[in-house]
A.B. asks: 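The structure that follows is given in the form of structure tokens.
Atoms within each ligand, like the ligands themselves, are counted from 1 in listed order. The residues of the chain are indexed from 1 along the displayed sequence.
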Amino acid sequence: MGRSIKWGVLGTAGIARWCTIPGMKTAEGCELYAIAGRSLEKAESFREMFGFEKAYKGYDALLADPEVEAVYIPLPNDIHAEWVVKALNAGKHVLCEKPMALNESEMRRMFKAAKDNGRILMEAYAYLHSPFVSEMKKIVLSGEIGEIDFIDTAFLTQDYSEDFRLHKELGGGGIYDVGCYCTTMILSLIDSPIDYIKADAELDENGVDHMASVMLRFKNGARASFSAGMCLGTDTSDRYDRFFVHGSKGYIRSDYEYNQEGEILYKITVKSGSGERNLSVRKVSAASNYRLETEQMCRAIRGEEKPHITEEFSLKNMRLLDRILDKVGFTTSREEYIFDNGVVLPTIGYGSYMSTSDRGAAVIKDAIVCGYRYIDTASFYGNEELIGLAVTESDITRDELFIASKVWPTDLGREKTLQSFEESCRKLRTEHLDMLLIHWPKTDPNDENWIEKVRESWKVFEELYEEGRVRVIGLSNFLPHHIKPLLETAKIKPMVDQLELHAGYMQEYALAYLKDEGILPIAWSPLGRAKMIADEEITKIASKYGKTNAQVLLRYLIQRGIPVVPKASSIERMKENLDVFGFELSEEDISVLSCLPQSGWSGEHPDLAR
Ligand SMILES: NC(=O)c1ccc[n+]([C@@H]2O[C@H](COP(=O)([O-])OP(=O)(O)OC[C@H]3O[C@@H](n4cnc5c(N)ncnc54)[C@H](OP(=O)(O)O)[C@@H]3O)[C@@H](O)[C@H]2O)c1
């Protein structure tokens, strides 16, 4: 056995008391050294109960102790990021309870802090360390049950006493709390990109999900379904777990429970060549998963092995949870969106249409100085050269910017699309574009061949994507009946669709379709080209929050999970439009804004002549 690691525990949570600390106590190479609580009394009681050497009032005090080498963090989900980063900056290795973050961007920042400090950060999913899971992975990998057809699993709990799980702002809810077990189990066994997600959930009056049902389809054809829920009854001791994996040659069925201890019995049935079934029963002895988890982390800290739950796996799982939460309408406003390929899109971009007519490149430079990192342009705007100039003369590097352009519909078809792309790159002084969109599906509403041209251009988009010349490919002003025929031939699904979207013109039918297809909507004219700014209803709502009308209009879209590209000419307005993350519109106001009569429409429509 290698040297012993001195552990500190931040918080006196139930999971720490009943599961993790008892597991740590028996773990080889782990020394229970310090415990911190919000009150010294509680910390002292844990010290006595488990034999910690030190008890601290407050988490900062524990992190300041140089003797502590690793910390275990079982705090409410919403403060994981804050304390994980503090602990890493204090030079500690960190094991943090699941889900470690509220969304993928937060999690990426946490892993970056780990890298910057040269420390190990691992998400705590004790059950993934159980011999049962390793055995099951072995069976799946050996091909004994063939290719996975589907997995069905559930984690449903009865009552919860009043704690963070019942509060949205604290990162509560069944999907975060127990749905994450189901997603990690599924992702441990199916290694293929996700093709589509269907999900629904019952949200309580606080917007927290109590019961969710999720269906996943993977690119390799495998499917998975799970149910996750909390507060489904009154008996706190009871819960229901289910797990079933079906393959082309057999299945694994078990009375497996996610955090079970003791002997686990599970059956494997393998079809024989003659079609008969051959039943075998295997037993796996499950030692304390929490002990195994600590021991693995200690070995990783000593450099003997890599963390069992990798950064890549945690991010993949968080991305899936993000997408499920989006689907069920749980979305909290995000400062950035992350595509499946890991590309990050800032939620607020600078809309550059007509922006350079008075002050040229200076206005783009102002936008960059104000903090805009996503710049929305198009070959049609005629300002790509000015943007290219502003970017090269700015103080930030190309990597820090997200530059998006569009191909005008008269440039559809293979040769013209390629030419348009190269022209955009030349003018923007860049080798690659962060995003490229087909600006409109057609120029002439009577063009019967529009889809052929779009398909040809899309093929070029796919090639550019595969060559790494464009990081995100998508559409603009495509409605469901334009997207469907494209999907029939597309190899790569469009990742975004930029549409005119603002209070007064929300195109709900298109939005519902995009959500279903997993295509991210982006709002152009998010302020309704200033027409909506004067709206009385908006003024009423804005005065309640002490915000400007423009901020309410932008906040509304962001709360609905839609990135925006407002255009503004002055630095004051540019800043005002970025300052929309410090308040939350109520459910009632979101409803009011969603039901305004149509107003502020630009008059542009993909099927009408422009
Ligand atoms: N994909 C497409 O087909 C498509 C179509 C149209 C637009 N777009 C993109 O979407 C971007 C934005 O759309 P948009 O320019 O049509 O409309 P918008 O962003 O909804 O509105 C811009 C107008 O609002 C004013 N404004 C901005 N911030 C304000 C604030 N804080 N208070 C009061 N007024 C404010 C601006 O005035 P000042 O400029 O005077 O500050 C401008 O007149 C475009 O620039 C373009 O990048 C895409």
A.B. asks: Do the charged groups of Arg429 and Glu393 touch, with an N to O distance under 4.0 Å?
C.D. replies: no

A.B. asks: To which protein heavy atom is atom 29 (C) of ligand 1 closest, and what is the distance rounded to 0.1 Å?
C.D. replies: Arg573 CD, 3.6 Å

A.B. asks: May I ask you to check whether Tyr513 and Lys484 show a side-chain donor-acceptor distance below 3.5 Å?
C.D. replies: no

A.B. asks: Check ligand 1 against Ala550 and write out every atom of the ligand that is under 4.0 Å from a heavy-atom position of the residue.
C.D. replies: 30 (C), 31 (N), 32 (N)

A.B. asks: Tell me which one of Glu336, Met318, Met110, Glu335 satisfies side-chain contact (heavy atoms from CB on, under 4.5 Å) with Ser105.
C.D. replies: Glu336

A.B. asks: Find all atoms of ligand 1 within a distance of less than 4.0 Å from any non-hydrogen atom belonging to His439, and give their numbers and elements.
C.D. replies: 1 (N), 2 (C), 3 (O)

A.B. asks: Quick one: which ligand 1 atoms are inside 4.0 Å of a heavy atom on Ile533?
C.D. replies: 33 (C), 34 (N), 35 (C)

A.B. asks: Any atoms of ligand 1 less than 4.0 Å from a non-hydrogen atom of Gln498? List them with their elements.
C.D. replies: 1 (N), 2 (C), 48 (C)

A.B. asks: Are Lys531 and Glu500 close enough for a salt bridge, meaning some N to O gap below 4.0 Å?
C.D. replies: no

A.B. asks: Who's the nearest protein heavy-atom neighbour of atom 20 (O) of ligand 1, and how far?
C.D. replies: Leu527 N, 2.7 Å

A.B. asks: For atom 7 (C) of ligand 1, what is the nearest protein heavy atom, given as residue, atom name and distance?
C.D. replies: Trp524 CE3, 3.5 Å

A.B. asks: Against heavy atoms of Trp440, which atoms of ligand 1 measure under 4.0 Å?
C.D. replies: 3 (O)

A.B. asks: Quick one: which ligand 1 atoms are inside 4.0 Å of a heavy atom on Pro566?
C.D. replies: 19 (O)

A.B. asks: With under 30° as parallel and over 60° as perpendicular, where do the rings of Phe402 and Tyr374 fit, or are they tilted in between?
C.D. replies: perpendicular

A.B. asks: Among protein heavy atoms, which lies nearest atom 9 (C) of ligand 1, and at what distance?
C.D. replies: Asp376 OD2, 3.4 Å

A.B. asks: Decide yes or no for Asp434 and Arg398: does some side-chain heavy atom of the first lie under 4.5 Å from some side-chain heavy atom of the second?
C.D. replies: yes

A.B. asks: Check whether any N or O atom of Tyr381, backbone or side chain, sits under 3.5 Å from an N or O atom of ligand 1, and answer yes or no.
C.D. replies: yes

A.B. asks: So, are Glu456 and Lys416 salt-bridged, with charged N and O less than 4.0 Å apart?
C.D. replies: no

A.B. asks: Of Leu527, Ile348, Val564, Leu593, which is the lone residue that meets side-chain contact (heavy atoms from CB on, under 4.5 Å) with Leu557?
C.D. replies: Val564

A.B. asks: Is there side-chain contact between Met495 and Tyr337, with at least one heavy-atom pair below 4.5 Å?
C.D. replies: no

A.B. asks: Of all the non-hydrogen atoms in the protein, which one sits nearest to atom 43 (O) of ligand 1, and at what distance?
C.D. replies: Ala530 CB, 4.1 Å

A.B. asks: Can you find an N/O atom of Ser352 closer than 3.5 Å to an N/O atom of ligand 1?
C.D. replies: yes

A.B. asks: If you count the atoms of ligand 1 from 1 in the order shown, which ones are under 4.0 Å from a heavy atom of Pro526?
C.D. replies: 19 (O), 20 (O)

A.B. asks: Only heavy atoms count here, so choose which of Asn577, Ile375, Leu501 is nearest to atom 31 (N) of ligand 1.
C.D. replies: Asn577

A.B. asks: Measure the distance from atom 44 (C) of ligand 1 to every protein heavy atom, then report the residue, atom name and distance (to 0.1 Å) of the closest one.
C.D. replies: Tyr353 CB, 3.5 Å

A.B. asks: Using a heavy-atom cut-off of under 4.0 Å, does the side chain or the backbone of Arg529 touch ligand 1, or both, or neither?
C.D. replies: both

A.B. asks: Under 4.0 Å between a Lys/Arg side-chain N and an Asp/Glu carboxylate O for Arg455 and Glu452?
C.D. replies: yes

A.B. asks: Among all protein heavy atoms, pick out the one at the shortest distance from atom 14 (P) of ligand 1; state its residue, atom name and that distance to 0.1 Å.
C.D. replies: Ser525 OG, 3.4 Å

A.B. asks: Among all protein heavy atoms, pick out the one at the shortest distance from atom 15 (O) of ligand 1; state its residue, atom name and that distance to 0.1 Å.
C.D. replies: Lys567 CB, 3.3 Å

A.B. asks: Using a 4.0 Å heavy-atom cut-off, say whether Thr548 meets ligand 1 through its side chain, its backbone, both or neither.
C.D. replies: neither

A.B. asks: Thinking salt bridges, do Glu82 and Lys86 make one under a 4.0 Å N-O criterion?
C.D. replies: yes

A.B. asks: Decide if atom CG of Asn341 counts as having more than 12 heavy atoms of other residues, nucleotides or ligands within a radius under 6.0 Å.
C.D. replies: yes

A.B. asks: Side chain, backbone, both or neither: which applies to Ala568 and ligand 1 if a contact is any heavy-atom pair less than 4.0 Å apart?
C.D. replies: both

A.B. asks: Strictly distance-based, threshold 3.5 Å: is any side-chain N or O of His80 a donor or acceptor partner for the main-chain N or O of Met100?
C.D. replies: yes

A.B. asks: Would you mind running through ligand 1 and noting each atom that sits below 4.0 Å from a heavy atom of Lys406?
C.D. replies: 1 (N)

